[in-house]
Amino acid sequence: MLPSRTVIAMKTLACDVLVVGLGPAGSSAARAAAHSGADVLAVDRRQAVGVPVQCAEYVPAQLVGQLGLGREYIVQPIAGMRTFLPDGSQTLTRTPGFTIRRDLLDQTLALAAARAGARLMLSTRAKTMAPDRTVILRGKSGGWFRVQPKVIIGADGPRSKVGRWVGAVNRNLLPGVQATLRLAQPLDCTEVYFDPVLYAGYGWCFPKGELANVGLGMRRDAAHPGSVHALLEDFVDRLRRAGKVVGEPVAHAAGWIPAEPVRQAVYGNMVLAGDAAGHTHPITGAGVFAAVSTGEMAGRWAARAAAAGDPDVLAGYEEEWRDLLADTLDRASRRRALMEERWDDFDRVIPSCWVAYRDYYAPAP
Ligand SMILES: Cc1cc2nc3c(=O)[nH]c(=O)nc-3n(C[C@H](O)[C@H](O)[C@H](O)COP(=O)(O)OP(=O)(O)OC[C@H]3O[C@@H](n4cnc5c(N)ncnc54)[C@H](O)[C@@H]3O)c2cc1C
């Protein structure tokens, strides 16, 4: 909120496209919009792009090829994913990818946006929006700014403020918690663990060179209360006993994972992308690929709409992101509903609700 009864000196900033958030979605949007000729201002409340990291840091190989921004952020190649069930059985899925330094990826993307001509402002928070869609920003050292862009892109993550302004909030946020530990020996695959105590979620162990990101993401509700941090400690202990990791955590991370049904992403001259739009996969929790892809699309369509002076052009973004993601996200969202409803029937529900199993891809029952 603006301080009441205070006269504030407010500077006006001009731009065609305002991007709120410089995560993968925002930087990709800013880069694409600037590349398409728009005058772009992109802001993030963080002091440094990508810090702190709130991610298990796995990305599919396809993303690295699509970006074409070097390989500095890559830590190790991943051959596939092993899914472990409580009875000890395991399934290997060949899904090539990489574990990465997510802070470096985010910084690489932001640098690419700046190189394309976008103006980046860090330590700058989108605070409010007036009825005429003027956005009020609060910058470093308490400076206030007013900006009335032709298009606003909300790429401000799972608890998006821009989403709130247009009445499109994520209602199904899952907690994700993580500890980073030393690996006992190198792993060439990501590992995923299902267990009845991890309600409608799973534990992960993603190798990153000599380290591993060990975490869990799951549903928490009135019927399934309790501390996810305590469950994480139990999970880490389990992996220590299994001889996968050793010692004490060297880092911790936590964040929210949207698990949303498919919904609209364009609201007049405002669009949402990435986690802000609920583009995260509701079963796996993966969202970097979707954030980069939908951010890039949003930026491209925003530049076209700004050049035409016509927000109706943004309908092209709604169509394009749906073409890429809607079927996948819709299936995952339905599987999530089933998983939550039938979790008590754990042995039967997991094969139809996890991406490693053929049943997951069968027509919905
Ligand atoms: C524990 C955990 C593990 C995960 N692991 C993986 C994984 O291994 N692989 C994967 O693909 N996905 C993973 N995800 C999901 C992935 O991190 C997200 O999908 C991804 O970060 C989405 O990118 P984004 O740009 O949409 O949002 P974000 O990365 O959240 O970026 C949003 C940005 O907006 C800024 N912002 C927010 N509000 C404002 C405001 N009012 N004004 C200005 N700036 C603002 C924030 O500071 C932030 O920089 C994980 C998530 C969690 C929580």
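Just so it is clear, the values below take in all heavy atoms, side chains as well, and ignore hydrogens, waters and symmetry mates. Nothing here was measured: the structure is a model prediction, and the numbers come from that model.
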Shortest non-hydrogen contact from [X] to [Y]?
X: L324; Y: M297; value: CD2-CE, 3.6 Å
X: L92; Y: C189; value: CD1-SG, 3.8 Å
X: L63; Y: V288; value: CD2-CG1, 3.8 Å
X: I257; Y: G176; value: CD1-CA, 4.1 Å
X: A200; Y: E340; value: CB-CG, 3.6 Å

**OP:** Verify, without hydrogens or angle tests, whether R31 (side chain) and A116 (backbone) share a donor-acceptor contact under 3.5 angstrom.
**Re:** no
I'd like to know if [X] and [Y] make a salt bridge, using a cut-off of under 4.0 Å between side-chain N and carboxylate O.
X: E210; Y: R182; value: yes
X: R119; Y: D39; value: yes
X: E57; Y: R102; value: no
X: K150; Y: D16; value: yes
X: D327; Y: R331; value: no
X: D310; Y: R304; value: no
X: D234; Y: R238; value: no
X: K244; Y: E191; value: yes
X: R240; Y: E248; value: yes
X: D345; Y: R348; value: yes

Original post:
Hey, what's the ring geometry for Y199 with W343, parallel, tilted or perpendicular (30° and 60° as the breaks)?
Top reply: perpendicular
If you count the non-hydrogen atoms of other residues, nucleotides and ligands that lie under 6.0 Å from [atom1] in [X], is the total more than 12?
X: R159; atom1: CZ; value: no
X: H35; atom1: NE2; value: no
X: E319; atom1: CD; value: no

Subject >> Given F194, W354, Y193, the one that forms ring pair (Phe, Tyr, Trp, His ring centres under 6.0 Å) with F84 >> reply: Y193
Original post:
Are N170 and R263 close enough that a side-chain donor and a side-chain acceptor fall under 3.5 Å?
Top reply: yes
**OP:** Indicate whether any N or O donor in one side chain lies under 3.5 Å from an N or O acceptor in the other, for W204 and T190.
**Re:** no
Original post:
Quick one: ring pair (Phe, Tyr, Trp, His ring centres under 6.0 Å) partners of Y73, sequence neighbours excluded?
Top reply: none
Original post:
What residues, two or more places apart in sequence or in another chain, satisfy ring pair (Phe, Tyr, Trp, His ring centres under 6.0 Å) together with Y360?
Top reply: none
Subject >> I74 side chain reached by R101 side chain, heavy atoms, under 4.5 Å >> reply: no
**OP:** Measure the shortest side-chain to side-chain distance between Y357 and S352 over non-hydrogen atoms and say whether it is less than 4.5 angstrom.
**Re:** no
Subject >> Cluster check V262, I283: I/L/V/M/F/W/Y, side chain < 4.5 angstrom >> reply: no
Original post:
Under a 4.5 Å side-chain heavy-atom rule over Ile, Leu, Val, Met, Phe, Trp and Tyr, are L272 and V147 clustered together?
Top reply: yes
**OP:** With rounding to the nearest 0.5 Å, note down the distance linking OG1 in T180 to CG in L211.
**Re:** 7.0 Å
